[in-house]
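Contents: one structure, followed by commentary.
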There are 2 protein chains.
Amino acid sequence: MRDVSDKKRANLRDVAKAAGVSVATVSRVLNTPDTVAPKTRENVQRVIADLKFMPSAAARAINSGRTRFVGALVPTLDNAIFASFLSALESTLAAQGLSLVVSTTGEDPQLEVDKARSLINIGAEGLILSGVAHAPELFDLIESTSFPTLATSFFDPEGPLPTIGYDNIDAAEMGIQYLKDQGHRKVAVVHGPVASNDRTRARIEGARSVTGVSIEFHEVPLSFEGAARALDQILSQTERPTAIACMSDVLAIGVLQKLQRLGMAVPGTFSLLGMDDLPIAAHTFPPLSTVHLPVKRMGTAAGMAIAQWLENGTVPKAHRLEPRMVVRESVARLSD
Amino acid sequence: MRDVSDKKRANLRDVAKAAGVSVATVSRVLNTPDTVAPKTRENVQRVIADLKFMPSAAARAINSGRTRFVGALVPTLDNAIFASFLSALESTLAAQGLSLVVSTTGEDPQLEVDKARSLINIGAEGLILSGVAHAPELFDLIESTSFPTLATSFFDPEGPLPTIGYDNIDAAEMGIQYLKDQGHRKVAVVHGPVASNDRTRARIEGARSVTGVSIEFHEVPLSFEGAARALDQILSQTERPTAIACMSDVLAIGVLQKLQRLGMAVPGTFSLLGMDDLPIAAHTFPPLSTVHLPVKRMGTAAGMAIAQWLENGTVPKAHRLEPRMVVRESVARLSD
DNA sequence: CATGCTCATGTAACCAGTTACAAGCGTCAA
DNA sequence: TTGACGCTTGTAACTGGTTACATGAGCATG
């Protein structure tokens with residue numbers, strides 16, 4: 001009998017009674033310890049320890065209006081690029097006393113809206129979106145509640161939301177321009193699904209913007225299998241490109257492995273360019289030349305920005321992170 | 001002026017007033033709509049929509065005692081094996097109406113305790129641990145509060161916590177036994193840090209348990225760089241092994257890439273075996289033979305188990321998932 | 001026409017905290 | 001001795017929901 005009642009988590013009143021003080025005093029010991037007399041304080045603290053009392057976060061939240069957690073929406077965790085981003089984001093938030101709730105959307109705008117709504121419902125104080133052609137309903141939701149929301153993985157100073165990210169057009173242009181500088185005039189671009197993915201669309205636009213290079217586009221699922229399929233398409237053509245530019249390292253690595261299996265040399269037969277700069281890119285054979293996207297810094301910046309926003313109400317300005325061309329050994333210099 | 005007051009999120013009382021009903025009726029419309037007269041219900045629902053009312057999760061939690069989220073502690077998000085696990089876990093939880101709060105511990109037992117405490121503090125209903133030599137304090141914390149906690153990434157029917165995972169001893173044994181069956185008698189085992197990582201220790205034990213094979217161990221950081229370093233060690237020896245068994249695919253891929261860079265054939269010069277079966281393992285060149293660890297199923301199982309636990313109070317039984325030898329092309333059959 | 005029942009709704013207590021305000025107490029100066 | 005002040009503590013209202021219980025209307029039945 002006693003055991004059962006003992007099981008229930010102790011609350012403020014229990015502590016107050018056991019310590020022979022009022023609930024206010026206990027609350028003060030927790031929040032403003034220096035306003036209570038040392039003797040009382042120590043007594044209360046002992047009782048708290050004895051009863052293993054933990055204040056209910058929900059009850060606190062109801063008063064302060066602060067839940068101290070933010071939600072992040074990412075398309076998937078299965079691509080290292082997002083995992084890497086979240087990893088940096090989580091550490092940064094943790095250092096600010098905030099927790100991170102993760103939801104995956106699978107690039108589905110409707111699912112994104114639902115999950116966003118759900119995150120807000122359960123009390124997230126802010127939202128961090130990443131890289132999806134967000135459904136208009138989502139903007140309505142965010143705007144109507146003026147909910148602290150940050151968009152990442154792209155940069156757009158004009159957009160309705162503050163963005164922290166890189167310019168995907170630039171990134172792709174930088175990669176293709178590099179290929180051009182190395183003498184490539186015919187390039188195959190391999191990219192993931194375009195539907196409901198504005199980052200990919202921007203990259204295509206960036207690739208197109210480079211003049212003097214003839215480009216063909218291959219849209220495939222964003223996976224190793226997809227990459228292999230793209231390569232099949234490329235090989236089946238009569239007039240082959242000299243370089244393959246992949247809009248994601250996952251695709252580049254898929255292409256690379258398939259080429260090796262076919263016994264085709266990189267950069268001998270094809271030059272190969274990636275984008276993202278996943279950790280593995282430095283360790284492939286040959287090491288992959290790729291456009292580095294600063295996702296770690298993006299995670300840190302997003303974490304800091306949202307923390308500031310929640311703490312001081314300072315709405316972050318759009319924050320642009322520069323992609324960087326990382327030259328390794330997968331692209332050959334073509335002499336004319 | 002009006003704008004400012006409009007900004008405040010509407011609450012139950014506001015809705016009740018605007019709809020000309022009592023708070024109880026509004027609450028009923030939300031929770032048990034069929035106990036409210038259709039006319040009233042529709043009226044209230046319209047007002048709710050007008051005011052964009054969203055019930056506060058905190059206030060609900062305070063009554064029901066349920067926050068509807070669970071915490072997961074993983075060493076890192078930068079290894080695909082954990083990201084993959086979390087991905088499955090998150091989908092499963094979402095389907096059960098639960099959210100997932102992610103914390104990373106970097107294999108640091110003290111940090112794990114801190115983060116666990118913090119997760120419980122902020123109201124997590126359950127905890128999912130994975131693969132770390134958990135500090136004794138953590139057990140005290142969990143046991144003293146009989147907090148719903150699940151351990152994953154290993155299997156131990158005797159342990160203090162319900163476990164859902166594979167037997168790491170078995171997994172390693174299976175891999176080394178396979179090498180033995182293929183005629184290998186001298187094997188280099190490459191593994192990550194042993195300190196505060198009981199899974200790695202178990203794998204070493206499993207490798208040792210195979211008789212008739214001479215094994216040397218190489219402990220390195222769990223990264224591509226670490227793998228390269230291990231290979232350097234192996235190559236510097238006078239009597240080289242015929243096979244390299246890596247206790248993680250990350251290491252295996254690191255070794256593979258380094259071997260390629262050195263122009264050494266796999267499985268010609270060395271046979272190579274991995275563990276985890278990351279998606280990329282099927283796409284390396286040559287495709288990597290590896291011990292498949294069912295992390296996706298583990299994520300799903302853990303999600304279901306904790307949901308059941310919270311819903312019905314059914315404490316899950318230890319749940320064993322079988323590793324599986326995946327034979328691809330990186331291990332050569334040695335004739336005697 | 002009175003009684004009993006069901007159905008819809010309202011009142012108020014309750015959850016576990018925070019906090020404005022009041023009050024008790026001791027100390028010191030006038 | 002009295003009043004002012006500061007320090008510590010307690011009372012009770014408040015946060016935003018849920019829900020036990022009470023109330024009252026509408027209808028069928030005796």
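Chain A is the first sequence line, chain B the second, and so forth, proteins listed ahead of strands; every chain is numbered from 1. Just so it is clear, the values below take in all heavy atoms, side chains as well, and ignore hydrogens, waters and symmetry mates.
Taking atom CG of B/N31 as the reference point, atom C1' of D/dA20 lies 15 Å away to the nearest angstrom. Computed from coordinates, the B/D34 CG to C/dA8 C1' distance equals 13 Å when rounded to whole Å. Atom CZ of A/R41 is separated from atom P of D/dC7 by 14 Å (rounded to the nearest Å). Between the CG atom of A/L12 and the P atom of C/dC14 there is a distance of 17 Å, given to the nearest Å. At whole-Å resolution of the value, CG in B/L30 and P in D/dG16 are 15 Å apart. Straight-line distance from the CZ atom of A/R28 to the C1' atom of C/dC21: 11 Å, rounded to whole Å. Rounded to an integer number of Å, the gap from CG of A/N121 to P of D/dG17 is 11 Å.
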Worked check of side-chain contact (heavy atoms from CB on, under 4.5 Å) between A/V21 and A/V26:
CA-CA 7 Å; A/V21 298; A/V26 180; 3.8 Å; yes
I would like to know whether B/L86 and A/V102 meet side-chain contact (heavy atoms from CB on, under 4.5 Å); could you show each step before the answer?
CA-CA 9 Å; B/L86 285 183; A/V102 175; over 6 Å; no
Derivation of the side-chain contact (heavy atoms from CB on, under 4.5 Å) call for B/V101 and B/L119:
CA-CA 8 Å; B/V101 182; B/L119 283 172; 3.7 Å; yes
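Taking every heavy atom of residues 45-70 of chain A and every atom of DNA chain C, pairs under 4.0 Å involve A/F53, A/M54, A/P55, A/S56, A/A59, A/R60, A/N63, by number.
Considering only the side chain of A/N11, C/dA16 comes nearest among C/dA16, C/dT9, D/dG10. Of the listed nucleotides (C/dA8, D/dT9, C/dG17), C/dA8 has the atom at the smallest distance from the side chain of B/A37.
Using a distance-only test at 3.5 Å, with no hydrogens or angles considered, no donor-acceptor pair links the side chain of A/N312 to the main chain of A/T314. A donor-acceptor distance shorter than 3.5 angstrom exists from the side chain of A/N11 to the backbone of A/D14, with no hydrogens or angles considered. Under a 3.5 Å cut-off, the side chain of A/S64 and the backbone N or O of A/R66 do form a donor-acceptor pair.
Distances shorter than 4.0 Å separate some side-chain N or O of A/S27 from OP1 or OP2 on C/dT18. Remark: A/T40 is not in phosphate contact with D/dT8, judged by side-chain N or O atoms under 4.0 Å from OP1 or OP2. At the phosphate of C/dT9, neither OP1 nor OP2 sits under 4.0 Å from any side-chain N or O atom of B/S22.
Heavy atoms of B/A24 sit under 4.0 angstrom from at least one base atom.
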Annotated protein contacts, base or backbone, on nucleotides 22-27 of chain D with a non-hydrogen cut-off under 4.0 Å, one of B, S, - each:
------
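In terms of heavy atoms, A/A116 sits closest to A/L73 at CB-CD1, 3.8 Å.
A side-chain donor-acceptor contact under 3.5 Å links A/N31 and A/R60.
When each of B/R13 and A/R13 is assigned the nucleotide of DNA chain C bearing its nearest heavy atom, the one mapping closer to the 5' terminus is B/R13.
For A/T76, there are no side chain to side chain donor-acceptor pair (under 3.5 Å) partners, not counting sequence neighbours.
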